[in-house]
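In what follows, a single structure is set out as structure tokens and then discussed.
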Amino acid sequence: MKLKKISAVVLSILLCISLASCSGLDATVSEKLDVTQIDNEQQSEEILHEKIEIADNNNNKLTVVPVFDKDGVTVIGGYVESAVDMQGNSLEASAFDLIGQVIALSKNDAGDIVILYDESCNVITMHALFDEEDNIVALLDVTDVDKDGDKDEYFQVLSQIDIQDNLFIKLDTDENGNLINVTVEQEDDGTTAVVQQDGKKVTVAQDKPNSSSTSNTSSGNEANASVRENHIILGKNSTAKTTAKSGVSISEGLVKITEAKNYVVTSDTKEWHGRIVVTLPNTAECEIRFENVNISYNKGNILQIQDSSIETERTFLETEVEATDSMDDAIKQIAESNMAPNVDLVFPTGTSSTFHSTANSYTGVIYNESKLTLKGNGSLTVESRTNADNCLCSTKSVTIKNLTLDMTTAANTSTHKLAAASGSAKGIFSYGKVTIESGNVSIKTNGDAIRCDDFYCKGGVASIVSSACDAIDTDDRIHISGGNITCIALEKSAYKVRRVNNTVNGVTDTNLRVRIDANGQIRDYFKITAGTVVGESKKMTEVTIADQANILAKIKKSTSTSSTDGAISADDSSRRQIITIKNSSGALVKASQNKCTKFLYSSYALSENEEYTAVGDSTTTPAEVDWDTKIGEAKIKSTR
């Protein structure tokens, strides 16, 4: 049966094991179940089979899938599927390194299953090899299961699914009941193979060893096992090398990928100077994993993803200023194509990668023509260090999952929009939709932080800030259905939907106004159905559809020009105030972080039956706060 491969299983070899200095805690093991053996004979044995809940030394509770010794009863390890802290809060893989790892387990004198630690009190992780179909085929004898003093040998592993669809993993034995040793060796083509007992070779792959763990050996087995298929290694002086048999070409400062495969990119140098260009047809699907890669480039995009099915001159890729009309037409031609490759950029748990550019490239640090997903429980930092350089430009959709993503552009603290010649750089510029599904996203720019057709936030935490332009600027719609998002744009709009604004402002061109579909439903809107939403800005598109209460407080602009009647100046900077929302009991509900003229707050914590007030903080020029009364808002009681 097929074993679902654990993504980001961390593999390590450790020198010493010490239970005395790192006491394990009791584990609760599920009831015993019958399991059908992998040879399909009608034999079964009574084993501890379902998931184990076990606590580590920090009182985090780990849920693990057990790995058994050859007897199918003795637990020697377990895959950490999930974990909660001592308060019962779920731990994310980005914050808890053991999630997604196979850890070593044993029994203490009381017969309780415990976690094995090394002499430095680090959890011992187990080293596993997987075949091309993601079946685990070999496990390194890290804890010397066979008690022969050799921790460099690999044992063959059987993995299967029982009749109740539970995963069952154990060490394999020969006909005499002895553990089966396998040989791990490097092939001439650069791949790694496990030589099984019958002499057959199985091509294998492995995930990256845990960088925080120590290795107890520099043996040939370890060296051979580190070779990975379609592995691209960035080296010193802009060099690179690869184990890929085809689909990758390398020259100084340039790596070209032309075949749809799953690639891994690592680095042997502190900072690699160059670019990676991916060229694929619109039917392709490709995954590229970046593991602790730091790339810098001063001549254009660091990463380009191109659709080879579209034969268009791409001279706009080298422009250092905003694209001309002809260049823009070429970009739109690509954007209007109905198909595109599917590309996943993966940043695995425990890894941290950085792309930073010193080029004035209008098309960004990353240029993309695919349906792009940025994901993984690791982190990615994208920095554009010159004014015209956007972080990410895409002709198609962009989705963010689980990732800790940090984007910054030059002049991201300046309150002045830069001239076209020098550029007001954007964070994400997409001709399609941008979706935040989960993760932790931070974007700080001088230009629009996110500019796209449609924006969706379904979960995660997002902090979106523009110092001189809009935080989120869309043509058609914004829909927030989960997560915690804060947008700040003190010079312009925190949330902008152009079609909604055009309709409110009476624009006569129907092609630019809110559209109605064939069923009479509104197609363009600013919609909040769930989540916590905060906006602080000078302007803001008002929420048009809401399933939860939302409050929009606006500091009134005075039409008076008198300096003696206490009126607030019409100048926006002097009208800005810290706006505080309180409930009917006078308790603080929410306050703006910055002095602003419009403050949006939406949350499930707001009650439709509560009365709220809002005030500005100025004592010399007291502000009147106008309340919006759109559908879905909480009942408002003004202080006027």
Side-chain angles (χ1 to χ4, degrees), residues 4-9 92-94 100 130 132-134 205 207-208 228-232 234 242 244 247-248 255-267 275-293 295 301-309 337 339-355 364-382 391-407 428 430 432-441 452 456 458-460:
K4 183 178 180 182
K5 182 176 179 180
I6 310 306
S7 64
V9 173
E92 300 294 333
S94 59
F130 299 85
E132 292 177 333
E133 295 182 350
D134 292 343
D207 288 325
K208 185 177 179 181
R228 306 163 75 176
E229 192 173 7
N230 301 320
H231 186 184
I232 299 168
L234 309 178
T242 183
V248 178
V255 174
K256 289 186 176 181
I257 296 174
T258 56
E259 291 184 9
K261 300 177 182 178
N262 292 341
Y263 298 91
V264 178
V265 182
T266 62
S267 181
R275 69 163 47 163
I276 298 173
V277 176
V278 182
T279 306
L280 300 169
N282 58 25
T283 56
E285 295 186 359
C286 181
E287 177 182 288
I288 306 174
R289 293 166 61 95
F290 291 90
E291 299 181 355
N292 297 311
V293 171
I295 304 178
N301 317 117
I302 282 178
L303 176 63
Q304 283 182 12
I305 303 172
Q306 297 184 22
D307 183 348
S308 61
S309 303
S337 173
M339 298 181 67
N342 287 284
V343 176
D344 291 351
L345 303 182
V346 182
F347 302 86
T349 301
T351 66
S352 178
S353 294
T354 301
F355 299 162
V365 180
I366 301 172
Y367 171 75
N368 169 65
E369 295 176 3
S370 73
K371 296 175 182 177
L372 181 66
T373 299
L374 304 169
K375 66 181 185 179
N377 289 297
S379 68
L380 169 65
T381 298
V382 182
C391 286
L392 167 60
C393 290
S394 179
T395 63
K396 298 295 180 182
S397 63
V398 177
T399 301
I400 301 166
K401 296 181 179 179
N402 299 324
L403 185 65
T404 296
L405 176 63
D406 187 358
M407 290 182 165
I428 299 177
S430 173
K433 64 182 179 180
V434 173
T435 303
I436 299 175
E437 290 198 2
S438 54
N440 196 320
V441 179
C452 58
Y456 298 91
K458 301 179 179 180

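Any value given below was found using the heavy atoms of this structure, including those in side chains, with hydrogens, waters and symmetry copies removed. Quantities reported herein were computed from a predicted structural model and do not represent experimental measurements.
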message: As a quick check of understanding, evaluate side-chain contact (heavy atoms from CB on, under 4.5 Å) for L405 and F347, giving each step before the final call.
response: CA-CA 10 Å; L405 176 63; F347 302 86; over 6 Å; no
Is the backbone of [Y] close enough, under 3.5 Å, to the side chain of [X] for a donor and an acceptor to pair up by distance?
X    : Y    : result
S394 : S430 : no
T381 : D406 : no
N377 : P348 : no
N301 : L303 : no
S337 : M339 : yes
T258 : T279 : no

Can you see which heavy atom on [X] is nearest to which on [Y], and at what distance?
X    : Y    : value
D307 : P281 : OD1-C, 3.9 Å
T351 : N292 : CA-OD1, 3.3 Å
S370 : P341 : CB-O, 3.3 Å

- prompt: Between T242 and H231, is any side-chain donor less than 3.5 angstrom from a side-chain acceptor?
  reply: no
[Y] side chain reached by [X] side chain, heavy atoms, under 4.5 Å:
X    : Y    : value
K401 : T373 : yes
L372 : L392 : yes
E369 : K396 : no
T435 : I400 : no
Y263 : C286 : yes
C393 : I366 : no
L380 : T404 : no
V293 : L234 : yes

- prompt: Please walk me through it: do V264 and E291 pass side-chain contact (heavy atoms from CB on, under 4.5 Å)?
  reply: CA-CA 8 Å; V264 178; E291 299 181 355; 4.0 Å; yes
How many angstroms lie between [atom1] in [X] and [atom2] in [Y], if you round to the nearest 0.5 Å?
X    : Y    : atom1 : atom2 : value
E229 : N262 : CD    : CG    : 9.5 Å
R275 : I295 : CZ    : CD1   : 11.5 Å
T395 : K371 : OG1   : NZ    : 11.0 Å

task: Take N402 and K375, measure what side-chain contact (heavy atoms from CB on, under 4.5 Å) needs, and give me the verdict at the end.
output: CA-CA 6 Å; N402 299 324; K375 66 181 185 179; 5.6 Å; no
- request: Give me the one residue out of I232, I305, D344, I257 that meets side chain to side chain contact (heavy atoms under 4.5 Å, CB included) with I288.
  value: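 Of the listed residues I232, I305, D344, I257, the side chain to side chain contact (heavy atoms under 4.5 Å, CB included) partner of I288 is I257.
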- prompt: Which residue, N282, V278, T283, forms the side chain to side chain contact (heavy atoms under 4.5 Å, CB included) with L280?
  reply: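 Of the listed options, the one satisfying the test is V278.
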query: For K256, does the NZ atom have more than 12 heavy-atom neighbours from other residues, nucleotides or ligands under 6.0 Å away?
result: no
query: Can you check side-chain contact (heavy atoms from CB on, under 4.5 Å) on V248 and V255, steps first, answer last?
result: CA-CA 7 Å; V248 178; V255 174; 4.1 Å; yes
query: Parallel, tilted or perpendicular: which describes the rings of F355 and F290, with under 30° parallel and over 60° perpendicular?
result: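 Answer is perpendicular, since the angle exceeds 60°.
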